Protein chains: 2
Amino acid sequence: MEKVTIKDVAREAGVSISTVSNALNDVDVLNPETKSHVLKIAKQLNYVPNLNGKLLRNGKTKMLGFFTTSVAGPYFYKLVESMSRECDRLGYGLNVFVTKDKQVIMSNILGRRVDGVIIYEELRIDEEEIAAMVKDKIKAVFLDRPLKNETMGSVIFNSFESAYEATKYLISLGHKKIAYISGVDEMYDSVQRKEGYLAALRQYQLPTNEEYIIQGYFEEESTYNAIKSLVHLSPEKMPDAFLAGNDLSAIGCIQALKSNGYEVPLDISVMGFDDIDIAQYFSPPLTTVRNQIARQGILSINHLVRMIQKKEQGEMMKLPGELIVRGSTQVKIDRY
Amino acid sequence: MEKVTIKDVAREAGVSISTVSNALNDVDVLNPETKSHVLKIAKQLNYVPNLNGKLLRNGKTKMLGFFTTSVAGPYFYKLVESMSRECDRLGYGLNVFVTKDKQVIMSNILGRRVDGVIIYEELRIDEEEIAAMVKDKIKAVFLDRPLKNETMGSVIFNSFESAYEATKYLISLGHKKIAYISGVDEMYDSVQRKEGYLAALRQYQLPTNEEYIIQGYFEEESTYNAIKSLVHLSPEKMPDAFLAGNDLSAIGCIQALKSNGYEVPLDISVMGFDDIDIAQYFSPPLTTVRNQIARQGILSINHLVRMIQKKEQGEMMKLPGELIVRGSTQVKIDRY
DNA sequence: TATTGTAATGAAAACGTTTTTATGTTAATT
DNA sequence: AATTAACATAAAAACGTTTTCATTACAATA
């Protein structure tokens, strides 16, 4: 019972290979009796078509590739899960490649192992490579990187707007000295958030202050250290609110403040970004902006499949954030 | 520049297809000059071999499949990440299938889309199916399900021992009325943990009490409700320590206790299982048992690849847990 | 010089499908 | 009765590789 092929089924059923193929693929040119007979035999022999043969023949793999530098962390598992489910629903398989090696991507794409790809921003495919991919008509959707052309689209978060709204919220609480804890300057999202923050300050005629833009690198520890070195400011210069580039940063910030005798949110409000699982359990529970990660996953797969099947053009989609108010922010109290 | 095949390279280089193939695959029967010429042309044309052709020909896909019901939660992302990296290192791709449909698995395995599979316990492949897979010489590694035969191995956690040690630790703190919050009775891990707990009680001649085994279903909310209905016990019957089947259960338990005026760990110690990310941020930070998830991922891939390449037999590997002491447990204080 | 050996390359088969085209029956039309 | 239509099935080509086997050219040997 090594491996049973379509040939075996044909022989056993006493028909030709093409008849078996037609029976299995529901091409209705067959006598119903023949068809059901073939199907019965196929089941009897436990026949399962060899995908490589199938795919070689019709050039499609029914596989999508997801290329990313990591799948660690709450962002990714929500993303992977939603993409995976959507693939399932649409009859595709999802191939997850965790790699920093762009070569891997290219050989997989060009080797036709996948029909299309989702690429996470951090891989930083450069313009030249993108042009080459377009020329080869490779279908791709980029996450967290704005892009749109013949064969490629993107699904990104409206980080500018989200940061703008978050800052506006802090201002509405009465805060005036609002600091921003920045992420990684090479990442689109990070930059957008900073811009949104600055725009809100300008809008409400609050001064923007270089000292109030702190490098936190999206990490708890870096932020902790950065805030620690800030804490020596004289009280009147100390920010009364922090907008962190992500939740981990917010956590690091709060811990640094706590360890220096500040109470959050009593003395200082702190906001995060992302609404990771930890956010609601942290003490105080984090006020944050939630991104629709699952939606990003679903939309990206959907868009990719539409490009593949319906030859649609690439589009750029922006998803709005959602303000989640919890316990790490409160109305500004003047303690004089 | 549609798709360039080996034929195009051959034509362009003025040699035969087989020569191109030999050049590309480093079969050294060729005149070095021919070889380098062919290689140059191939690069020039941007040739990338079509994997389907390749794989159809030699029957291997260099792909492993991971089949699971979910990738959500901290357990899975650690697992997927470690597996993915290990695959990368060994020159395999990892195909993640999130599905409850066993049919999907079978057709992918039997359709030779993957060379071997990692299967997460929850899919509950039954004995009969396993026998069929063995007969077809399908290489598989099961996670969290003990198994070992010709072509299949498993990597599991030593949950019995872990629970035994955890319980022993609670006993060492002076607790005598220790309750266990059980998970899902159909899962191997869950059962093992309960058995370990019971074994420790017996070992130290503490009574085992049916009332002290609570159904928490590995969920925060279920546990919360279960504990709520327990809380009416008279003080002398109330447990002085809880061992929860996982961290989420521990969190639900603590929240239920808190909301009824108990202080953790002052009045009651609570332990979890798994050491999820939230554990260290929760208040109080959770004492728990950490499983070596990444190690499980790496070992499983390794074992699978060895079975595929070296025709090794299946093995069963057990990974020990690690006690992480934090703030949700303390020495028993008698308040009389 | 005629034979054999060696090195390099090419031709063709095979992997397992799907699909196009051909073939053979039987029924319907003239 | 002779042609055509319709239907059912079979044969063969194609997808892009790798690999086995055959061919060629030339050098080495007898």
Side-chain angles (χ1 to χ4, degrees), chain A residues 1-39 41-42 45-63 107-115 136, chain B residues 1-39 41-42 45-63 107-115 136:
Chain A
M1 197 129 299
E2 254 312 298
K3 28 187 161 181
V4 25
T5 76
I6 199 172
K7 218 180 285 181
D8 302 317
V9 179
R11 182 169 14 79
E12 200 67 21
V15 298
S16 76
I17 290 180
S18 26
T19 300
V20 176
S21 178
N22 285 330
L24 289 161
N25 294 294
D26 243 356
V27 183
D28 62 350
V29 291
L30 293 187
N31 184 326
E33 283 172 30
T34 319
K35 179 170 161 182
S36 69
H37 175 234
V38 169
L39 257 35
I41 298 287
L45 296 184
N46 248 312
Y47 168 71
V48 181
N50 177 311
L51 293 175
N52 287 320
K54 210 163 181 155
L55 303 177
L56 174 59
R57 165 67 213 202
N58 52 30
K60 296 282 177 237
T61 69
K62 282 287 187 174
M63 277 279 156
S107 73
N108 270 284
I109 298 176
L110 297 172
R112 324 259 168 235
R113 185 170 270 185
V114 292
D115 291 346
D136 277 350
Chain B
M1 196 127 303
E2 253 311 300
K3 27 186 162 180
V4 24
T5 76
I6 199 172
K7 220 180 286 182
D8 301 316
V9 179
R11 183 169 14 78
E12 200 67 21
V15 299
S16 76
I17 290 180
S18 24
T19 300
V20 177
S21 178
N22 284 331
L24 290 160
N25 294 295
D26 243 357
V27 181
D28 62 350
V29 291
L30 292 188
N31 183 328
E33 285 172 31
T34 319
K35 180 171 162 182
S36 69
H37 175 235
V38 169
L39 256 35
I41 299 287
L45 295 184
N46 247 313
Y47 169 71
V48 180
N50 177 310
L51 292 176
N52 287 322
K54 209 164 183 154
L55 303 178
L56 174 58
R57 166 67 212 203
N58 52 29
K60 295 283 176 238
T61 70
K62 283 285 187 176
M63 278 279 156
S107 75
N108 270 284
I109 299 176
L110 297 172
R112 323 259 170 239
R113 184 169 272 185
V114 290
D115 292 346
D136 277 349

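All values below come from the heavy atoms of this structure, side chains included, with hydrogens, waters and symmetry mates left out. Below, chain A is the first sequence line, B the second, and so on; all start at residue 1. Since the model is a prediction, treat every value here as computed from it, not as a measurement.
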Inset, instruction - State, yes or no, whether a side-chain contact exists between A:Lys62 and B:Arg113 at a heavy-atom distance under 4.5 Å. - result: yes
Inset, instruction - Would you check if A:Lys35 and A:Asn22 make a side-chain contact, meaning some heavy-atom pair closer than 4.5 Å? - result: no
Legend entry - B:Leu55 side, atom CG; A:Leu55 side, atom CG - distance, nearest 0.5 Å: 9.5 Å
Inset, instruction - Drop me the distance from A:Asn50's CG to A:Lys54's NZ, to the nearest 0.5 angstrom. - result: 9.5 Å
Inset, instruction - Output yes when a side-chain donor or acceptor of B:Asn31 lies under 3.5 Å from a complementary backbone atom of B:Glu33, and no otherwise. - result: yes
Legend entry - Any donor-acceptor N/O pair, B:Asn52 side chain to A:Asn52 backbone, under 3.5 Å: no
Inset, instruction - Extract, from 5' to 3' on DNA chain D, the first and final nucleotides lying under 4.0 angstrom from some heavy atom of chain A. - result: D:dA8 to D:dG16
In this structure, how many angstroms lie between the [atom2] atom of [N] and the [atom1] atom of [X], rounded?
X	N	atom1	atom2	value
B:Arg57	C:dA13	CZ	C1'	8 Å
A:Asn31	C:dT25	CG	C1'	13 Å
A:Asp26	C:dT18	CG	P	12 Å
B:Leu56	C:dA13	CG	P	17 Å
A:Leu55	C:dT18	CG	C1'	12 Å

Inset, instruction - Starting from the 5' end of DNA chain C, give me the residue, A:Val48 or B:Asn22, whose nearest nucleotide shows up first. - result: B:Asn22
Inset, instruction - Going by the side chain to side chain contact (heavy atoms under 4.5 Å, CB included) test, name the single residue among B:Val38, B:Leu24, B:Asp8, B:Leu39 that passes it with B:Tyr47. - result: B:Leu24
So [X], base contact, sugar-phosphate only, or nothing? Heavy-atom distance under 4.0 Å.
X	value
A:Thr5	sugar-phosphate
B:Val27	nothing
B:Asn52	nothing
B:Leu51	nothing
A:Ile17	base

